[in-house]
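Shown next, in structure tokens, is the structure this report addresses.
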Amino acid sequence: MKPLIAGNWKMNGLAGAKGEIDALIAKLGGSAPDDREVLICPPATLVAAFAASYSDEAIQIGGQDCHPLASGAHTGDISAEMLADAGAAYVIVGHSERRADHGETDAIVKAKAEAAFRAGLTPIICVGETKDEREGGKALEIVGAQLSGSLPETGETYVVAYEPVWAIGTGLTPTNHDISEMHDFIRSKTPEGTRLLYGGSVKPGNAKEILAISNVNGALVGGASLKADDFYPIVEAAPGEM
Ligand SMILES: O=C(CO)COP(=O)(O)O
């Protein structure tokens with residue numbers, strides 16, 4: 001399988017940030033190498049413009065969230081169909097910032113993943129434990145429960161991102177042993193061929209080591225995806241086809 005290096009821009013980036021993608025593509029020599037996939041998930045306001053600009057480039061565009069329904073009276077929300085219509089290929093669902101800030105349950109995350117399939121998008125389903133849960137020895141149990149509640153049961157392909165909440169934006173990362181243990185665990189709970197991403201303080205300095213861990217098939221990168229100078233070395237650090 002091809003590793004997937006995905007950038008989650010969160011609520012960052014105005015139209016001028018397109019320059020960072022142009023710079024990234026220039027560093028990549030015009031397009032991402034054939035043996036890895038590169039995805040940028042910008043704020044919803046930029047999805048259509050970016051998807052139109054890069055439709056011929058080997059960089060994909062994704063959304064950061066979607067509503068479970070296709071349309072209706074849901075002020076401020078965006079459906080998976082709208083993201084697909086705007087040119088997105090992927091959508092992140094169940095990010096811990098949405099689970100925490102918007103009360104998203106596993107059942108809602110699962111409904112969003114199913115909405116992504118309905119619209120022809122590939123969902124990136126996020127799971128991860130808090131600091132207290134990790135310190136209490138409950139990381140596997142918590143992630144196991146999130147997986148059983150959030151993963152769709154259809155045979156369609158999805159991506160799982162393991163993002164320990166305490167590692168997001170903190171500069172902290174689990175040990176290689178803990179990442180390996182968790183990814184082996186997630187592998188045992190997901191269909192063969194499912195790509196498993198690690199996310200949480202992935203930086204140019206630690207990407208190579210993390211991406212070399214078995215059952216880590218890519219990264220979901222927050223802060224370090226905003227600048228081409230930081231994101232490019234992470235894309236390059238991924239091993240080729242695995
Ligand atoms: O939440 C993340 C990606 O979805 C990770 O964020 P950071 O890379 O900034 O820690």
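Every number for a ligand or one of its atoms is a count from 1 in the order of the listing. All of these numbers come straight from a predicted model, not from anything done at the bench.
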Distance under 4.0 Å to a non-hydrogen atom of L220: what atoms of ligand 1 satisfy this? 3 (C), 4 (O)

Taking 4.0 angstrom as the limit and counting only heavy atoms of G200, give me the atoms of ligand 1 inside it, by number and element. 5 (C), 10 (O)

So is A224 touching ligand 1 or not, going by heavy atoms under 4.0 Å? no

Sub-3.5 Å donor-acceptor pair from the side chain of R99 to the main-chain atoms of G94, do we have one? yes

Do M182 and R134 have side chains that get closer than 4.5 Å, going by heavy atoms? yes

With heavy-atom distances below 4.0 Å as the criterion, list the atoms of ligand 1 near E163. 1 (O), 2 (C), 3 (C), 4 (O), 5 (C)

Please report the shortest heavy-atom distance between A113 and I125, naming the atom on each side. CB-CD1, 3.9 Å

According to a 4.5 Å side-chain heavy-atom criterion applied to Ile, Leu, Val, Met, Phe, Trp and Tyr, with indirect links allowed, do Y90 and V38 form part of one hydrophobic cluster? no

Using modelled atom types only, decide if a donor and an acceptor are shared between the side chain of N12 and the backbone of W9 within a distance under 3.5 Å. yes

Sub-3.5 Å N/O-N/O distance, K10 and ligand 1: yes

Relative to the heavy atoms of S201, which atoms of ligand 1 are at a distance of less than 4.0 Å? 7 (P), 8 (O), 10 (O)

Geometric N/O contact G169 with ligand 1, under 3.5 angstrom: yes

Does some non-hydrogen atom of K203 fall short of 4.0 Å from ligand 1? no

For G223, the atoms of ligand 1 under 4.0 Å from one of its heavy atoms are 7 (P), 8 (O), 9 (O)

Side-chain heavy-atom pair F50, I59 within 4.5 angstrom cut-off: no

Can you check whether A17's main-chain N or O pairs, donor with acceptor, with E20's side chain at less than 3.5 Å? no

Among C41, A6, G222, which one has a heavy atom closest to atom 7 (P) of ligand 1? G222

